[in-house]
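Working notes, structure below.
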Amino acid sequence: MANNESRPPFPPFNAETARVKVKAAQNAWNTRDPATVKLAYTTDSIWRNRDQFFTGRDEIEAFLTKKWERENGYRLRKELFAFSDNKIAVQFWYEWFDESGQWWRTYGLEDWTFAENGLMRKRQMSGNDVQITEEARWFKDGVNVDDVEILERDW
């Protein structure tokens with residue numbers, strides 16, 4: 001099953017394979033390469049990203065292209081929240097700065113559903129953006145995002 005139209009690990013997930021899937025997604029998104037990221041999704045993948053709804057790899061790529069044109073300095077961390085057979089829930093944090101140089105941290109949750117071939121067929125994201133100062137950043141250059149202690153009350 002390992003070809004361009006599959007992405008191990010495959011469902012059903014256990015704690016280890018779900019964590020592997022989450023970190024693979026984190027690493028792919030941190031490339032900020034929409035053409036690469038879209039390949040982790042089925043050709044007819046359904047997305048809700050905040051208040052936007054779209055379907056398919058072309059729309060995913062267009063969305064991510066616009067996102068990363070606006071969100072400069074993007075650095076993301078994803079953590080496994082829960083899983084079952086072919087579903088994974090993720091909490092995430094990412095930091096970025098806008099065209100004025102203002103830093104932001106986005107806090108959110110994602111709900112993922114996978115096809116048998118390990119590609120994601122549904123993604124729902126809810127997130128909130130919070131202004132932060134340069135000094136408050138967690139994911140500074142040279143820092144491994146997985147080594148940062150996430151402080152639940154640091155907002």
Side-chain angles (χ1 to χ4, degrees), residues 1-15 17-132 137-139 145-146 148 150 152 155:
M1 206 186 253
N3 61 44
N4 288 341
E5 288 302 313
S6 69
R7 196 62 60 109
F10 306 111
F13 298 112
N14 60 40
T17 59
R19 265 194 282 294
V20 167
K21 201 65 144 174
V22 169
K23 290 304 176 178
Q26 171 187 294
N27 294 340
W29 279 63
N30 276 331
T31 69
R32 297 183 302 268
D33 180 358
T36 297
V37 172
K38 78 176 185 179
L39 297 177
Y41 302 90
T42 62
T43 57
D44 61 349
S45 187
I46 299 168
W47 274 35
R48 178 186 60 78
N49 198 87
R50 301 178 197 237
D51 62 347
Q52 298 177 50
F53 298 83
F54 42 94
T55 303
R57 287 181 176 168
D58 290 342
E59 291 184 21
I60 290 168
E61 183 174 12
F63 168 79
L64 292 174
T65 298
K66 288 179 190 170
K67 170 185 179 62
W68 290 322
E69 286 172 354
R70 185 182 78 256
E71 294 178 353
N72 301 293
Y74 178 94
R75 302 269 318 271
L76 164 73
R77 170 137 164 216
K78 292 181 183 278
E79 291 295 334
L80 176 64
F81 188 73
F83 69 93
S84 66
D85 301 323
N86 69 333
K87 297 179 184 217
I88 296 176
V90 174
Q91 59 183 358
F92 66 86
W93 309 264
Y94 66 85
E95 294 175 350
W96 55 281
F97 64 91
D98 62 24
E99 67 282 346
S100 74
Q102 172 62 58
W103 279 96
W104 299 85
R105 183 177 301 127
T106 301
Y107 296 82
L109 298 169
E110 292 177 319
D111 163 13
W112 302 344
T113 303
F114 291 87
E116 289 181 6
N117 63 1
L119 297 176
M120 196 181 302
R121 64 179 168 92
K122 183 181 81 170
R123 173 185 175 268
Q124 297 190 79
M125 181 276 227
S126 297
N128 298 294
D129 302 321
V130 177
Q131 283 187 343
I132 60 172
R137 290 178 54 213
W138 291 340
F139 306 139
V145 296
D146 288 318
V148 172
I150 300 297
E152 297 300 327
W155 48 69

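Computed from a prediction, not measured in an experiment: that's the story for all the values here. Note: hydrogens, waters and symmetry copies are ignored here, and every other heavy atom, side chains too, is used.
Checked against side-chain contact (heavy atoms from CB on, under 4.5 Å), R50 has the following partners two or more places apart in sequence or in another chain: Y94, T106, M125, D129. The salt bridge (charged side-chain N to carboxylate O under 4.0 Å, His left out) test applied to R32 returns no partner, not counting sequence neighbours. In terms of the side-chain contact (heavy atoms from CB on, under 4.5 Å) criterion, residue partners of R77 (sequence neighbours excluded) are, by chain and number, K23, Q26, E79, W93, F139, V145, D146, V148, I150. Scanning for side-chain contact (heavy atoms from CB on, under 4.5 Å) contacts around T55 gives I46, with sequence neighbours left out. Taking the side-chain contact (heavy atoms from CB on, under 4.5 Å) definition, one finds that A40 meets it with R7, sequence neighbours left out.
The pair E95-R75 does not count as a salt bridge, with every side-chain nitrogen at least 4.0 angstrom from each carboxylate oxygen. Checked for salt-bridge contact, E59 and K66 miss the test: no charged N lies under 4.0 Å from a carboxylate O.
Here the side chain of Q102 pairs a donor or acceptor atom with the backbone of I132 at under 3.5 angstrom. Put simply, the side chain of D44 never gets that close to the backbone of G56: no donor and acceptor are under 3.5 Å apart. The closest donor-acceptor contact from the side chain of R121 to the backbone of Y41 lies at 3.5 Å or more, if one exists at all. For the pair T65 (side chain) and E61 (backbone), a donor-acceptor distance under 3.5 Å is present.
Separation of atoms CG (L39) and CZ (R57) is listed at 5.5 Å; rounding is to 0.5 Å. Between the CG atom in D98 and the CD atom in Q131 there is a gap of 8.0 Å [rounded to 0.5 Å]. N72 CG to W104 CH2: the interatomic distance, rounded to the nearest 0.5 Å, is 13.5 Å.
In this structure the side chain of E110 reaches within 4.5 angstrom of the side chain of K78, judged on heavy atoms. Side chains of K38 and D58 form a contact here, defined as non-hydrogen atoms less than 4.5 Å apart. The closest side-chain heavy-atom distance from F63 to Q52 is below 4.5 Å. Annotation: side chain of P34 is not in contact with side chain of I60 (no heavy-atom distance under 4.5 Å). Between W68 and V37, some side-chain heavy-atom pair lies under the 4.5 Å cut-off.
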Check step by step if salt bridge (Lys or Arg N to Asp or Glu O under 4.0 Å) holds for E99 and R70. CA-CA 7 Å; E99 67 282 346; R70 185 182 78 256; over 6 Å; no
With side chain to side chain contact (heavy atoms under 4.5 Å, CB included) as the test, would you mind laying out the steps for R137 and F97 before giving the verdict? CA-CA 11 Å; R137 290 178 54 213; F97 64 91; over 6 Å; no
Going through the checks in order, is the side chain to side chain contact (heavy atoms under 4.5 Å, CB included) test met by R123 and N49? CA-CA 8 Å; R123 173 185 175 268; N49 198 87; 2.8 Å; yes
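Between P11 and A115, the shortest heavy-atom distance links the atoms CG-O, 3.4 Å. When all heavy atoms of P9 and V20 are compared, the closest pair comes out as CD-CG1, 3.8 Å. Between W112 and A25, the shortest heavy-atom contact is CH2-CB, 3.6 Å.
For S126 and R48, the side-chain atoms include at least one donor-acceptor pair closer than 3.5 Å.
Two rings, from W96 and Y74, have their centers 6.0 Å or more apart. Checked against a 6.0 Å centroid threshold, the rings of F53 and W47 do not count as neighbours.
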N/O donor-acceptor pairs under 3.5 Å from side chains in residues 81-90, not counting sequence neighbours:
| unit_1 | atom_1 | unit_2 | atom_2 | d |
| --- | --- | --- | --- | --- |
| N86 | ND2 | F114 | O | 3.1 |

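Heavy atoms of other residues, nucleotides or ligands lying less than 6.0 angstrom from CG of N128 number 12 at most.
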